[in-house]
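Written below as C-alpha cells is the structure these notes are about.
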Amino acid sequence: MPAWNNWYHINGTTYGTWLPGDARGWREKNHRKHVDGDYKHPPPEGTGEKILRRSKDLLKHPPVKLTKPQRQCGGQALVESLLNDNIELLSLSLDGVHYHFLARFPDHRVRYWTGRAKLHAYFALRSQFPVKELWTKLCAVRPIANREHQLCVFEYILNRKNKGAWTWSFRERMYWGAQP
C-alpha cells in the first residue's frame with residue numbers, strides 16, 4: 001500500500017529489549033518461520049522459550065532501557081536530526097525501550113533517514129551516558145493510509161507521554177533552551 005502523501009509511522013526499540021522468542025510475540029527475519037500471535041494476542045505460553053534463551057545468549061551487551069534524562073536527550077537528538085535533514089516531522093515519542101514518530105519523507109528512503117537520526121541520537125547519548133549499543137538495526141515502517149489514520153497515529157504517539165515517554169510535536173520549538 002502506498003503512503004498517503006508520503007507520510008509514515010516509524011517505530012523501533014532499543015537494543016536487546018524485544019528479542020526473538022519474546023512472550024509478546026515476534027517475527028522471524030523475512031518471515032522464515034511462521035509464529036502465531038503478536039503483542040496484542042501473544043503466542044501460546046512457552047512457544048519461544050528456547051529461542052529467547054538463545055537470543056539472550058547472543059547479546060553482546062546488556063539490553064538498553066533509557067532513563068528519563070536519556071529519553072529527553074535521545075528524543076531531542078532524533079528530532080534535531082530529522083528536522084535538519086528536512087524531514088517533515090509531526091510527532092515523536094521516546095520511552096524506556098521504544099521510539100515512535102510520524103513523518104513525511106520526500107524520497108521514500110525512510111530507513112536511511114531514520115538510521116541517520118538514530119546515529120545522531122547515539123552520539124548525543126554517548127557523550128553523556130555510557131552506552132555501547134543503543135538501537136536495534138531495523139525499524140518498523142508503516143505507511144499512513146489517509147488523513148484519519150494520520151490523526152490517529154499523531155494522537156497515539158503523543159499519548160505515550162501518559163506511559164512515561166518523552167514526547168515532541170510540531171507545535172513545540174525545536175530548540176530546547178528557547179521558551180515561547
Side-chain angles (χ1 to χ4, degrees), residues 3 5-20 22 24 26-31 39 55-144 150 153-154 156-158 160-161 163-178:
N5 291 337
N6 300 335
W7 287 101
Y8 293 91
H9 174 201
I10 296 87
N11 71 297
T13 61
T14 58
Y15 177 80
T17 55
W18 200 328
L19 299 169
D22 195 294
R24 297 171 289 182
W26 75 97
R27 293 287 171 260
E28 291 276 330
K29 187 174 181 179
N30 297 324
H31 297 276
Y39 72 99
S55 298
K56 286 181 178 179
D57 289 344
L58 290 172
L59 288 177
K60 294 177 183 169
H61 308 287
V64 174
K65 294 192 178 170
L66 301 174
T67 63
K68 287 197 180 225
Q70 289 170 326
R71 294 172 203 174
Q72 180 176 352
C73 177
Q76 288 174 347
L78 289 169
V79 169
E80 286 171 355
S81 179
L82 291 164
L83 293 180
N84 286 338
D85 285 335
N86 295 314
I87 304 300
E88 196 173 343
L89 183 64
L90 288 183
S91 59
L92 183 139
S93 72
L94 178 60
D95 64 27
V97 296
H98 296 99
Y99 63 86
H100 290 264
F101 63 91
L102 176 61
R104 185 192 327 230
F105 296 85
D107 58 6
H108 302 287
R109 295 186 307 155
V110 177
R111 287 201 169 111
Y112 170 78
W113 296 112
T114 301
R116 283 178 51 91
K118 287 171 23 179
L119 185 63
H120 181 72
Y122 167 76
F123 283 111
L125 279 166
R126 194 179 78 166
S127 69
Q128 298 177 20
F129 308 101
V131 293
K132 293 182 180 169
E133 295 282 339
L134 184 56
W135 311 109
T136 54
K137 289 188 182 191
L138 291 178
C139 59
V141 176
R142 293 180 178 83
I144 298 298
Q150 182 191 42
V153 169
F154 178 79
Y156 171 79
I157 291 171
L158 294 182
R160 299 196 55 80
K161 186 172 196 155
K163 296 181 179 182
W166 178 87
T167 60
W168 179 91
S169 83
F170 71 95
R171 296 178 184 127
E172 299 175 41
R173 294 178 182 264
M174 178 180 146
Y175 299 101
W176 324 110

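Basis for what follows: all heavy atoms, side chains included, without hydrogens, waters or symmetry-related copies.
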- Message: So does Thr13 get a backbone contact from the side chain of Thr136, meaning a donor-acceptor N/O pair under 3.5 Å?
- Response: yes
- Should Thr114 and Val141 be marked as a side chain to side chain contact (heavy atoms under 4.5 Å, CB included) after you check the CA-CA gap, both sets of side-chain angles, and the distance that decides it? CA-CA 10 Å; Thr114 301; Val141 176; 5.9 Å; no
- Query: Parallel under 30°, tilted from 30 to 60°, perpendicular over 60°: which one fits the rings of Phe170 and Phe154?
  - Reply: tilted
- Query: Between Tyr99 and Phe101, what is the ring plane arrangement, given parallel below 30°, perpendicular above 60°, and tilted in between?
  - Reply: parallel
- Query: Which distance, rounded to the nearest 0.5 Å, do you find between the CZ of Arg116 and the CZ of Arg109?
  - Reply: 9.0 Å
- Query: Just how far is it from atom CZ of Arg111 to atom NZ of Lys137, taken to the nearest 0.5 Å?
  - Reply: 13.5 Å
- Does the side chain of Leu90 reach to within under 4.5 Å of the side chain of Trp7, using non-hydrogen atoms? yes
- Arg71 to Leu94 - nearest heavy-atom pair and separation: O-CD2, 3.4 Å
Using a 3.5 Å cut-off and no angle test, enumerate the donor-acceptor pairs between side-chain atoms of residues 122-134 and protein atoms at least two apart in sequence or in another chain.
| residue | atom | partner | partner atom | Å |
| --- | --- | --- | --- | --- |
| Ser127 | OG | Ala124 | O | 2.8 |

- Query: Are Asn6 and Glu88 close enough that some pair of their side-chain heavy atoms sits under 4.5 Å apart?
  - Reply: no
- Atom CD1 of Ile157 and atom OG of Ser93: how far apart are they, to the nearest 0.5 Å? 6.0 Å
- side chain to side chain donor-acceptor pair (under 3.5 Å) involving Tyr8 - partner list, sequence neighbours excluded: His108
- Message: For the OG1 atom of Thr14 and the NZ atom of Lys65, what is their distance to the nearest 0.5 Å?
- Response: 8.0 Å
- Query: Side chains of Ile10 and Trp113: does their closest heavy-atom pair fall under 4.5 Å?
  - Reply: no
- Query: Is any side-chain heavy atom of Trp166 closer than 4.5 Å to a side-chain heavy atom of Val79?
  - Reply: yes
- Note on the structure: Trp135 and Ala121 have their tightest heavy-atom pair at CZ2-CB, 3.9 Å
- Message: Could you tell me if the side chain of His9 sits less than 4.5 Å from the side chain of Ile144, heavy atoms only?
- Response: yes
- Message: Applying side chain to side chain contact (heavy atoms under 4.5 Å, CB included) to Tyr112 and Asp107, what does each step give before you reach the verdict?
- Response: CA-CA 10 Å; Tyr112 170 78; Asp107 58 6; 5.8 Å; no
- Determine, for Asp95 against Arg160, whether the closest basic-nitrogen to carboxylate-oxygen distance falls under 4.0 angstrom. yes
- Query: Which atom pair, heavy atoms only, marks the closest approach of Lys60 to Tyr15?
  - Reply: N-OH, 2.9 Å
- To the nearest 0.5 Å, what is the distance between CG (Leu102) and CG (Leu89)? 7.5 Å
- Task: Mind checking the CG-CG spacing from Leu83 to Leu78? Nearest 0.5 Å is all I need.
- Result: 10.5 Å
